[in-house]
Amino acid sequence: MQDVINNLPKLAKDKHKENKTFFTKLKKKPPKQLDYIMQELHEDEFEKTDCLQCANCCKTTGPLFTDKDIDRIAKHFRLKPSQFIDQYLRIDEDNDYVLQSVPCTFLDADNYCAIYDVRPKACREFPHTDRKKFQQIANLTMKNVAICPAAFNIVEEMKKRIKL
């Protein structure tokens, strides 16, 4: 798995132009069945992919924390939301709450998440390949294929399945 993760940024860079062209066309004329196709591709890929073998998303990026996330996780730690923010978060250039540093503070040595049951919405939904109106998150997906082997595989399969 580590070889796959190490090669992923180069693979994604090699496919970037092709993916950009594909997503531009997809935005202009998304197929009627796109949400169903994406759900199927997502489910098929995650039957084969064990995130615990990878955790590259947790090691290299940090999620956005919504107010609901902050309240839920603070409650889990028996902290006030302001205490949780002070201890773990910072405000980024887009004025969003993000982790103070990566890898994620809550990632254990065995790639388990210490706050899995209360993790942020962004973590629960990553890599967002089963999201409705998938064509609207092309830019996010282009970033995620360089981080997540499953997202990379889903996009490659998607290009085979959807002829634009």
Side-chain angles (χ1 to χ4, degrees), residues 1-70 72 89-107 111 113 115-116 119-164:
M1 177 53 84
Q2 197 54 50
D3 285 348
V4 172
I5 295 167
N6 292 343
N7 291 326
L8 199 56
K10 184 187 180 330
L11 284 171
K13 190 176 179 198
D14 292 348
K15 296 279 186 178
H16 183 79
K17 190 174 179 189
E18 178 183 310
N19 289 348
K20 192 172 172 88
T21 302
F22 178 81
F23 281 117
T24 300
K25 289 178 183 175
L26 187 71
K27 270 185 181 174
K28 286 180 184 161
K29 197 169 190 283
K32 283 187 171 66
Q33 300 295 313
L34 181 62
D35 288 347
Y36 297 104
I37 294 167
M38 293 313 300
Q39 188 69 44
E40 186 180 319
L41 292 173
H42 179 89
E43 288 171 8
D44 288 351
E45 182 60 33
F46 282 98
E47 282 177 16
K48 306 180 275 202
T49 300
D50 179 3
C51 293
L52 291 173
Q53 297 297 312
C54 179
N56 198 42
C57 52
C58 307
K59 293 172 184 173
T60 62
T61 62
L64 299 181
F65 285 74
T66 65
D67 290 340
K68 282 183 179 178
D69 293 331
I70 292 167
R72 185 179 59 255
L89 304 180
R90 66 177 176 84
I91 295 178
D92 71 2
E93 58 281 350
D94 297 324
N95 223 21
D96 293 314
Y97 281 111
V98 295
L99 291 169
Q100 290 177 2
S101 62
V102 289
C104 179
T105 313
F106 307 110
L107 182 65
N111 289 343
C113 175
I115 61 166
Y116 189 80
R119 70 195 184 278
K121 181 177 186 257
C123 298
R124 285 194 308 273
E125 294 179 354
F126 191 85
H128 312 286
T129 47
D130 60 347
R131 182 172 303 168
K132 300 259 187 271
K133 297 183 179 169
F134 179 78
Q135 72 278 8
Q136 295 176 350
I137 60 163
N139 291 342
L140 178 62
T141 303
M142 299 261 295
K143 290 178 186 168
N144 290 345
V145 297
I147 298 164
C148 175
F152 182 89
N153 293 341
I154 289 166
V155 169
E156 289 306 299
E157 202 51 45
M158 182 184 171
K159 290 185 298 190
K160 291 177 193 167
R161 285 265 304 269
I162 300 171
K163 300 298 176 201
L164 298 172

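Please read these numbers as outputs of a predicted model, since none were measured by experiment. The basis for the numbers below is simple: all heavy atoms, side chains too, and nothing from hydrogens, waters or symmetry mates.
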With a 4.5 Å cut-off on side-chain heavy atoms, are I137 and R131 touching? yes

Would you tell me whether Q2 and N6 have side-chain atoms, one donor and one acceptor, within less than 3.5 Å of each other? yes

Taking it one step at a time, do T141 and N144 satisfy side-chain hydrogen bond (donor to acceptor under 3.5 Å, both in side chains)? CA-CA 5 Å; T141 303; N144 290 345; 5.5 Å; no

Using 4.0 Å as the upper bound for N to carboxylate O, is an ion pair formed by K121 and E125? yes

Audit row: E43, E40, side chain to side chain contact (heavy atoms under 4.5 Å, CB included) steps and yes/no: CA-CA 5 Å; E43 288 171 8; E40 186 180 319; 5.8 Å; no

Check whether any side-chain N or O of N19 sits under 3.5 Å from a backbone N or O of H16 as a donor-acceptor pair, and report yes or no. no

Report the distance from atom NZ of K27 to atom CG of L164, rounding to the nearest 0.5 Å. 13.5 Å

Please assess R161 against I37 for the test side chain to side chain contact (heavy atoms under 4.5 Å, CB included), listing each intermediate value before the final yes or no. CA-CA 8 Å; R161 285 265 304 269; I37 294 167; 4.0 Å; yes

Would you please test D35 and M38 for side chain to side chain contact (heavy atoms under 4.5 Å, CB included) and show each step? CA-CA 5 Å; D35 288 347; M38 293 313 300; 5.7 Å; no

Any donor-acceptor pair under 3.5 Å from N7 side chain to D3 backbone: yes

To the nearest 0.5 Å, what is the distance between CZ on F22 and NZ on K163? 8.5 Å

Report yes if some heavy atom in the side chain of P120 is under 4.5 Å from a heavy atom in the side chain of I70; otherwise report no. no

Using modelled atom types and a 3.5 Å cut-off, is there a donor and acceptor pairing between side-chain atoms of D50 and backbone atoms of L52? yes

Distance in Å, I147 CD1 paired with K59 NZ, rounded so as to fall on 0.5 Å steps: 13.5 Å

Would L64 and V98 count as a side chain to side chain contact (heavy atoms under 4.5 Å, CB included) if you check the C-alpha gap in whole Å, the side-chain angles of each, and the deciding distance to 0.1 Å? CA-CA 5 Å; L64 299 181; V98 295; 3.6 Å; yes

Under a 4.5 Å cut-off applied to non-hydrogen side-chain atoms, are C58 and N111 in contact? no

Salt bridge or not between D14 and K10? Use side-chain N to carboxylate O under 4.0 Å. yes

Here's one to test your reading of the geometry: is the NZ or CZ of R119 within 45 degrees of the ring axis of Y116 and under 6.0 Å from its centre? yes

Distance in Å, F126 CZ paired with T61 OG1, rounded so as to fall on 0.5 Å steps: 5.5 Å

I need the T129 OG1 to L140 CG distance, nearest 0.5 Å. 10.0 Å

